[in-house]
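Below, chains carry the letters A, B, ... as their sequence lines are ordered, and counting in each starts from 1.
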Amino acid sequence: MHLLLVDGSAYIFRAFHALPQLSRKSDGLPVGCVQGFCNMLFKLTEDLKGEDEPTHMAVIFDAKGKTFRDDVYTEYKAQRPPAPAELVPQFPLTRSATRAFNIPSIEMEGWEADDIIATYARLAREAGGKVTIVSSDKDLMQMVEPDGSIRMLDTIPRPGQPPLRWIGVEEVFSKFGVTPDKVIEVQALCGDSVDNVPGVPGIGVKTAAELINTYGTIENLLDHVDEIKQNARREKLRDNADLARISKQLVTLSQTVPVELDVDALARQPIEPGKLFPFLKAMEFATITKRLATHLDANPDDFAADPELAAKTAPGAVGFDNAARAEARAARQEATGRSNASTVAHAADMHAQTRAIPFKPEAYEIIRDTEHLQRWIDAAYSVGHVATDTETTGLDNQTADLVGISFSTAPGNGAYLPLGHTQGEGDIFGGGLAEGQMDIRVALDMLRPLFADRSILKIFHNAKYDLGLLARYDVPVHSIDDTLLLSYSLDGPQFNTMSELGEHWLGHPGQSIKDLIGSGKGQKTFAQVSIEDGARYAAEDSDMTIRLWRVLKPRLVAENMTTLYETIERPLAPVLARMEGRGVNIDRQILSRLSGEFAQRAAAFEAEAHELAGQSFNLGSPKQLGEILFDKMGLEGGTKTKTGAWSTGADVLEDLALKGIPLARTIVDWRQLNKLRGTYTDALPDYINERTKRVHTTYSQHSVLTGRLSSNDPNLQNIPVRTADGRKIRTAFVAAPGKVLISADYSQIELRVLAHIADIQALKDAFEEGLDIHAMTASEMFGVPVEGMPSDVRRRAKAINFGIIYGISAFGLANQLGIGRGEAGDYIKTYFERFPGIRAYMDEQKRRVKADGFVSTIFGRKINFPNANSHNPSERAFVERASINAPIQGSAADIIRRAMIRMEPELAKAKIDADMLLQVHDELIFEVPEGTQDQAIPVIKAVMEGAAEPAVRLTVPIQVDAHAANNWDEAH
DNA sequence: GCAAGGACGTA
DNA sequence: GTACGTCCTTGCA
């Protein structure tokens with residue numbers, strides 16, 4: 001007997017994640033995983049021949065509902081995100097597929113598929129049979145037998161790997177570092193974040209294997225825990241002994257499930273065309289139908305599609321309700337003239353096709369002369385596009401030097417043009433250019449026309465970097481695509497790096513830069529890498545870029561994201577590149593003077609703190625401070641953080657100070673000064689670029705969930721403004737000689753956006769009339785007239801307005817205002833009564849995020865929340881709040897992005913010489929020649945205020961305030 | 001040398 | 001209550 005047990009549920013999930021199948025039925029229902037599943041069943045019967053041919057077969061699924069593990073540990077699998085909407089309708093269809101192939105489909109309430117599989121495997125083995133478990137799930141690896149009587153078989157399609165991959169003792173060992181009989185011990189120690197098996201915190205697979213190989217079992221390990229030398233490890237094991245024991249229960253498969261069918265009942269039955277073809281036809285699987293018709297020597301035309309299945313599959317699945325589908329189809333048809341199904345199918349085709357093309361590093365070329373370079377330029381002209389990537393000596397494109405450029409015109413090809421590789425020792429005397437490289441001036445002269453040519457698309461990954469760098473070499477670039485921004489437009493910030501994208505979409509992470517240049521102290525620059533090694537890496541980068549482009553670009557149309565990408569993301573990148581390139585002028589003297597002042601005042605606070613504490617300690621250590629306040633001084637009311645340390649945040653210290661603990665106030669003051677010194681006055685001067693004498697931040701266009709930018713190295717979006725000391729730092733941001741700074745900021749943009757989206761007439765009227773919005777809110781809520789309103793009343797209303805934008809909770813509002821939760825709840829209730837549209841808006845966002853897994857901005861940006869249906873209540877509540885905030889924050893972010901894109905051409909049209917330097921979410925900073933500010937400001941304001949148009953006609957006025965001054969503090 | 005956690009700067 | 005990035009300490013490799 002040879003029993004083949006297919007882990008059906010795991011197959012669907014893994015197939016989906018390994019290779020998102022985009023194929024759909026003509027009605028839009030996703031069926032890619034069902035298709036893959038049918039292919040696999042067919043392939044198994046085809047490929048397993050001779051001694052591997054199974055005599056018995058079953059497909060096992062997870063049943064809905066609880067299992068015994070939920071009783072052992074309530075958090076078990078609690079973190080698991082809900083199945084993707086695309087997958088949900090495919091679960092029942094896979095069971096139908098199994099029956100259509102005349103194979104028993106088994107699932108049992110209260111048991112996981114793994115337990116049933118383990119049970120059958122045991123029964124078959126006891127009967128002297130052989131077992132093959134079709135799964136790659138690590139949880140089943142404990143079943144593998146060294147004598148080969150139980151093996152696993154991984155059938156998930158992965159490019160570049162054989163279709164069937166056996167998993168025996170060796171493969172288990174390489175995964176867990178132990179033999180299969182010890183797998184549960186290792187799993188119990190290291191835990192599993194996906195299934196929420198706790199394990200012992202801080203212990204990973206490596207450490208677990210090491211421990212188990214020494215001590216054999218968890219129990220024996222716990223008996224000998226005193227022998228562990230590493231302090232932290234020993235204590236963790238001691239403290240978490242029970243967690244380890246519970247974890248072992250969770251990961252140990254039951255082999256005694258009371259199965260209904262005995263093993264003999266699983267004997268293989270011949271496929272019955274009368275069952276099979278009606279199913280395949282209902283699924284519209286033409287290729288499989290043809291193959292099986294040949295295989296069975298049957299005529300599919302003799303059978304009609306199963307009417308029940310064909311009908312049942314259409315509507316109702318989460319995320320695919322009819323209205324949404326019709327809307328999406330209409331938008332797509334409008335955009336392209338192609339039908340929904342065909343654009344989706346095209347995207348899926350391109351993906352499958354691209355993914356199947358193997359990588360051939362040996363095919364990559366190295367360009368060393370003009371003829372060779374010309375051939376590649378010609379190739380770019382003949383196909384009309386080229387993926388390209390610059391290699392440089394560093395991550396900062398304002399200081400890095402160009403080392404080489406790579407190209408690819410089609411998946412699988414690639415070339416590297418080395419320009420700045422050095423040779424010999426990397427010291428200041430050795431080196432010099434390595435042999436066999438084109439002269440950089442000659443090469444760039446040849447490339448300039450190509451990069452500037454608007455008829456040839458240059459495809460980058462993170463174009464902003466290359467654009468900024470090439471600009472320094474006088475190489476302007478026109479007509480670009482950017483795979484990073486394609487990915488961001490489609491999927492948000494979930495994948496960032498080339499290797500993550502490559503891994504996900506191509507099944508190929510690509511060479512890691514670390515392997516090439518190392519990391520940390522011994523790190524080399526790309527210039528020190530050999531030309532040959534550099535070429536393999538660089539050419540592959542361009543090769544991957546063009547592949548990702550082929551996969552992602554068709555998805556824009558299929559998923560209705562073309563407008564977002566083409567009108568916002570792509571045009572913004574060059575704008576940001578120029579802003580980064582301009583930098584901002586900073587007065588080193590002012591910062592250095594402030595640094596001295598802050599240091600001196602901080603030192604006084606430090607001495608005072610030591611005095612008050614009666615001992616010397618490190619004020620920068622929350623740990624030491626907590627011990628002094630709550631252990632030594634024995635103060636009441638201390639709270640602990642999630643890791644068990646004393647909480648010493650500013651709010652806690654503020655409370656203590658009010659209770660008459662002077663030390664608390666001293667610490668707060670010290671921390672503030674120290675923060676200003678460490679993060680700003682000391683750090684900023686080091687960012688002044690030697691070449692430009694200015695500070696160049698780097699914006700990230702693809703990092704923020706809601707569509708905002710972020711700024712780093714240095715972060716110029718968090719320069720202090722709230723305190724007087726903090727504002728002194730802003731005075732160091734000065735205009736260049738002969739120029740002034742203009743700061744233009746949107747007034748209450750998020751509340752205005754809220755008024756528009758949620759359609760709150762009272763708010764809109766208030767904005768229309770130019771009222772003080774917080775005072776108006778206070779007046780509505782508390783019945784206090786705006787005239788002579790106490791500042792505290794306005795302050796509360798302001799907090800509530802912000803609370804609404806953040807997805808208010810009574811808990812949070814109470815915290816913010818220092819009032820009781822009941823009172824905060826009453827405020828919220830009153831607010832909802834006064835502005836009933838707000839509640840409707842919030843409910844709608846919550847409904848959408850649960851149904852679709854995303855919410856949208858008014859410009860069509862999608863913000864994904866994969867955890868919207870999490871089993872964890874606090875996580876769910878978090879997603880609810882974030883889904884309320886995201887369309888507001890995101891729509892405001894879209895508006896300023898649009899303003900930035902339009903700003904330069906509008907200024908040029910008005911013949912105004914103004915340089916846009918910085919963006920701080922609702923504020924833009926410009927530098928203009930002194931005396932021209934009065935001409936510049938009206939244009940800037942007009943562009944910003946009208947930025948939503950014509951895409952969206954806002955039903956509230958947008959107001960921008962702008963001022964000019966010599967420094968940022970005064971301009972703001 | 002690196003990762004995690006706490007704290008804190010901004011909108 | 002939303003969204004970020006940076007500095008510092010701590011603990012481990």
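Residue-level contact check: A:G620 touches the backbone only, with heavy atoms under 4.0 Å from sugar-phosphate atoms and none from bases. Within the 4.0 angstrom heavy-atom criterion, base atoms lie near A:S809. Nucleic acid contact class of A:R722 (heavy atoms, under 4.0 Å, all strands): base. A:A683 comes within 4.0 angstrom of sugar-phosphate atoms only, judged by non-hydrogen atoms across all strands, and of no base. Contacts of A:R881 with the nucleic acid, taken as non-hydrogen atoms under 4.0 Å apart, involve only primed sugar atoms and P, OP1 or OP2. Within 4.0 Å (heavy atoms only), A:L709 reaches no atom of the nucleic acid at all. Within the nucleic acid shown, A:I719 comes within 4.0 Å of sugar-phosphate atoms alone, with no base atom in reach, counting heavy atoms only. Among the protein residues, A:A892 comes within range of no part of the nucleic acid, since none of its heavy atoms lies under 4.0 Å from any strand. Counting non-hydrogen atoms under 4.0 angstrom, A:E750 reaches nothing in the nucleic acid. Using a 4.0 Å heavy-atom cutoff across all strands shown, A:A799 reaches at least one base atom of the nucleic acid. Across all strands, A:D713 comes closer than 4.0 Å only to sugar-phosphate atoms, never to a base (heavy-atom distances).
Closest contact between the side chain of A:N885 and the listed nucleotides C:dG5, C:dA3, C:dG1 involves C:dA3. Taking every side-chain heavy atom of A:R708 into account, C:dA3 is the closest of C:dA3, B:dG9, C:dG5. Here B:dA7 is the nucleotide among C:dT9, B:dA7, B:dA11 with the atom lying nearest to any side-chain atom of A:T648. Candidate nucleotides B:dG6, C:dG1, C:dT10 were compared by shortest atom distance to the side chain of A:T643, and B:dG6 ranks first. Distances from the side chain of A:Q889 to the nucleotides C:dG5, C:dT10, C:dT2 place C:dT2 closest. Among the nucleotides C:dG5, B:dT10, C:dC4, the one closest to the side chain of A:K675 is C:dG5. The side chain of A:S703 has C:dG5 as its nearest neighbour among C:dG1, B:dG1, C:dG5. Across B:dT10, B:dC8, C:dT2, the shortest atom-to-atom separation from the side chain of A:N718 is found for B:dT10. Taking every side-chain heavy atom of A:F878 into account, C:dA3 is the closest of C:dA3, B:dA7, C:dT10.
For the pair A:Q672 CD and B:dT10 P, the computed distance is 9 Å after rounding to whole Å. One atom, CD1 of A:I805, and another, P of C:dG1, lie 16 Å apart when rounded to the nearest Å. Counting to the nearest Å, the P atom of B:dG9 and the CG atom of A:D651 are 12 Å from each other. In this structure, the CZ atom of A:R727 is 16 Å from the C1' atom of B:dA11, given to the nearest Å. Atom P of nucleotide B:dA11 and atom CG of A:N715 are separated by 11 Å, given to the nearest angstrom. At whole-Å resolution of the value, CD1 in A:I863 and P in C:dC4 are 11 Å apart. Spacing between atom CZ of A:F802 and atom C1' of C:dG1 amounts to 13 Å, rounded to whole angstrom units. Rounded to whole Å, the distance from CD on A:Q816 to P on C:dT2 is 12 Å.
Between the side chains of A:Q717 and A:Q919, a donor-acceptor pair is found at a separation under 3.5 Å. Side chain to side chain, A:N867 and A:E875 meet the donor-acceptor criterion of an N or O pair below 3.5 Å.
Considering CD of A:E945 and CD1 of A:I749, their distance stands at 9.5 Å, rounded to 0.5 Å. To the nearest 0.5 Å, atoms CD1 (A:I590) and CZ (A:R730) are separated by 14.0 Å. For the atom pair OG1 (A:T698) and CG (A:D713), the distance works out to 6.0 Å, reported to the nearest 0.5 Å.
Residue-to-nucleotide proximity on DNA chain C shows that, of A:Y687 and A:P493, the 5′-proximal contact is made by A:P493.
In this model, the phosphate group of B:dT10 is not approached by any side-chain N or O of A:S711 to a distance below 4.0 Å at OP1 or OP2. Contact check, A:Q717 against C:dT6: no side-chain N or O comes under 4.0 Å of OP1 or OP2. Considering only side-chain N and O atoms, A:T641 lies under 4.0 angstrom from the phosphate OP1 or OP2 of B:dG6. A sub-4.0 Å separation between OP1 or OP2 of B:dG9 and a side-chain N or O of A:T679 is absent. When the side-chain nitrogen and oxygen atoms of A:K623 are compared with OP1 and OP2 of C:dG11, one or more of them lie within a distance under 4.0 Å.
Residues A:I940 and A:L924 form no side-chain contact, since every pair of their non-hydrogen atoms from C-beta on lies 4.5 Å or further apart.
Note on A:D792 versus A:R795: salt bridge recorded, some NZ/NE/NH1/NH2 to OD/OE distance being below 4.0 Å.
Seen from the ring of A:W646, A:K623 does not count as a face-on cation partner, given the 6.0 Å and 45° thresholds.
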